[in-house]
Amino acid sequence: MDITDRTVLIVGGTSGIGRGLARRFADAGSTVVVGGRDTSRVDDLETVSIDVTDAESVLRARDEVLAEHPDLDLVVTMSGVMILEDLRDPAHFAQAQSTIDVNLLGTIRVLDAFTPHLIGHGRGDFLTVTSGIGFMPFPLMPTYGASKAAVHAYSESLRAHLAGTGVGVTELVPPAVATAGQEKVNPNALPLDAFLDEVLGLLSQDPTPHEIVVERAQPLRWAERDGTYAELLEQRSRSLDTLPGR
Ligand SMILES: NC(=O)c1ccc[n+]([C@@H]2O[C@H](COP(=O)([O-])OP(=O)(O)OC[C@H]3O[C@@H](n4cnc5c(N)ncnc54)[C@H](OP(=O)(O)O)[C@@H]3O)[C@@H](O)[C@H]2O)c1
């Protein structure tokens, strides 16, 4: 994938990985717009206000971006929330619902909004974002893992639907990366710059791989194939001891 001459929208680009990826694309020469609910955090890139849980907001943002950038050819669905849940307490349902609304339905709302444009354009790419946790659960974040497994399956189907249109689908599978969302749960997360260096290297390959899986994410992505799944899941289940009352 060329990263030097794209017109890119990163939904969920107002902080963390999305913000870092936006900077890398802009530094490489691409035109970049970042979207999110709180655009006040970004003063060095063009922004658009968007709440992926609100269908009207997504369509308004789509219209605003395409009016300004009719040659948009890459849409990144980065918006996501990572929420801890205690499944012994049925009150967790509210957290499950908002996780699915942002991570899964939010992704689908954005993909749907831009699919006609990219097909009409005859070329372009979607970059969806899952997680190593979508392939190897981290039981403290059960619905998060379920939402990311769902985005993986959805991305595979979307690629099949778009075959022959000139529109590609690439899935980014991050391991734990040191952004604000991770500080509480994982002090050993990969530094953001090291992660982005590796991502940009893989993304720039031609043809771009269907999945961008950096080295740190490989053991999670391939645990089932490698026969390490049960052992890793047991290790990762120990994190549940940190829940109050366990
Ligand atoms: N960091 C990790 O360890 C890790 C690992 C695997 C996968 N991931 C995935 O990578 C993506 C980015 O994570 P991150 O660590 O960079 O998190 P982050 O810093 O919290 O960024 C999350 C982004 O999502 C946006 N967002 C949240 N709710 C939204 C909504 N309702 N509408 C529109 N945008 C919304 C936020 O923007 P606003 O607040 O401005 O709305 C922000 O730009 C997520 O999908 C996450 O699941 C992260």
Side-chain angles (χ1 to χ4, degrees), residues 6-23 25 32-42 45-69 72-85 93-119 124-131 133-134 141-159 161-162 167 169-174 177 179-182 212:
R6 306 301 295 264
T7 304
V8 188
L9 169 64
I10 302 186
V11 181
T14 51
S15 70
I17 296 174
R19 177 86 186 270
L21 190 65
R23 224 11 307 151
F25 267 93
V32 182
V33 182
V34 295
R37 292 160 306 171
D38 181 7
T39 54
S40 69
R41 286 194 295 246
V42 181
L45 292 165
E46 188 181 335
T47 61
V48 65
S49 178
I50 180 169
D51 180 346
V52 300
T53 66
D54 175 351
E56 272 180 34
S57 163
V58 171
L59 295 182
R60 192 196 29 72
R62 187 261 326 261
D63 292 347
E64 205 178 306
V65 170
L66 290 181
E68 194 68 27
H69 300 285
L72 183 82
D73 63 0
L74 173 59
V75 177
V76 183
T77 57
M78 184 68 74
S79 296
V81 290
M82 288 179 255
I83 308 180
L84 309 186
E85 291 165 82
F93 187 78
Q95 293 145 341
Q97 211 165 13
S98 54
T99 301
I100 295 294
D101 202 15
V102 177
N103 295 9
L104 176 58
L105 295 175
T107 295
I108 295 173
R109 286 184 191 99
V110 174
L111 295 170
D112 282 350
F114 287 95
T115 291
H117 164 76
L118 289 183
I119 291 177
D125 294 284
F126 284 117
L127 178 64
T128 60
V129 181
T130 62
S131 167
I133 293 175
M141 300 196 292
T143 309
Y144 176 79
S147 73
K148 293 300 187 174
V151 173
H152 165 70
Y154 195 92
S155 302
E156 299 265 277
S157 294
L158 179 64
R159 188 178 301 118
H161 278 260
L162 296 179
V167 183
V169 178
T170 300
E171 175 187 344
L172 176 63
V173 188
V177 177
T179 61
Q182 269 293 328
I212 304 292

I would like to know whether Thr128 and Ser155 meet side chain to side chain donor-acceptor pair (under 3.5 Å); could you show each step before the answer?
CA-CA 7 Å; Thr128 60; Ser155 302; 2.8 Å; yes
Of all the heavy-atom pairs spanning [X] and [Y], show the shortest one and how long it is.
| X | Y | answer |
| --- | --- | --- |
| Val8 | Phe25 | CG2-CD2, 3.9 Å |
| Lys148 | Ser131 | CG-CB, 3.9 Å |
| Ser49 | Ser57 | O-OG, 4.4 Å |
| Ala113 | Val58 | CB-CG1, 3.8 Å |
| Gly124 | Leu118 | CA-CD2, 4.4 Å |
| Arg23 | Leu45 | NH1-CD2, 3.8 Å |

Side-chain contact test, heavy atoms from C-beta onward, threshold under 4.5 Å: evaluate it for Val169 versus Val167 and give yes or no.
no
Side chain proximity check, Thr53 to Leu105, heavy atoms < 4.5 angstrom
no
Salt bridge or not between Asp51 and Arg37? Use side-chain N to carboxylate O under 4.0 Å.
no
Keeping [X] on the side-chain end and [Y] on the backbone end, is there a donor-acceptor pair under 3.5 Å?
| X | Y | answer |
| --- | --- | --- |
| Arg6 | Asp73 | yes |
| Asp101 | Gly106 | no |
| Glu64 | Val48 | no |
| His117 | Leu72 | yes |

About how many Å separate [atom2] of [Y] and [atom1] of [X], when rounded to the nearest 0.5 Å?
| X | Y | atom1 | atom2 | value |
| --- | --- | --- | --- | --- |
| Ser147 | His152 | OG | NE2 | 13.5 Å |
| Met141 | Gln95 | CE | CD | 12.5 Å |
| Leu162 | Thr115 | CG | OG1 | 5.5 Å |
| Ile83 | Thr143 | CD1 | OG1 | 8.5 Å |
| Thr77 | Phe126 | OG1 | CZ | 8.5 Å |
| Arg41 | Thr47 | CZ | OG1 | 11.5 Å |

Apply side-chain contact (heavy atoms from CB on, under 4.5 Å) to the pair Tyr154 and Ile108, showing each step before the final yes or no.
CA-CA 9 Å; Tyr154 195 92; Ile108 295 173; 3.5 Å; yes
Check Leu127, Val34, Leu172, Val11 against Met78 for a side-chain contact (heavy atoms from CB on, under 4.5 Å) and give me the one that passes.
Leu172
Which residue is it: Ile10, Val129, Thr14, Val52? I am looking for the one with a side-chain contact (heavy atoms from CB on, under 4.5 Å) to Ser79.
Val52
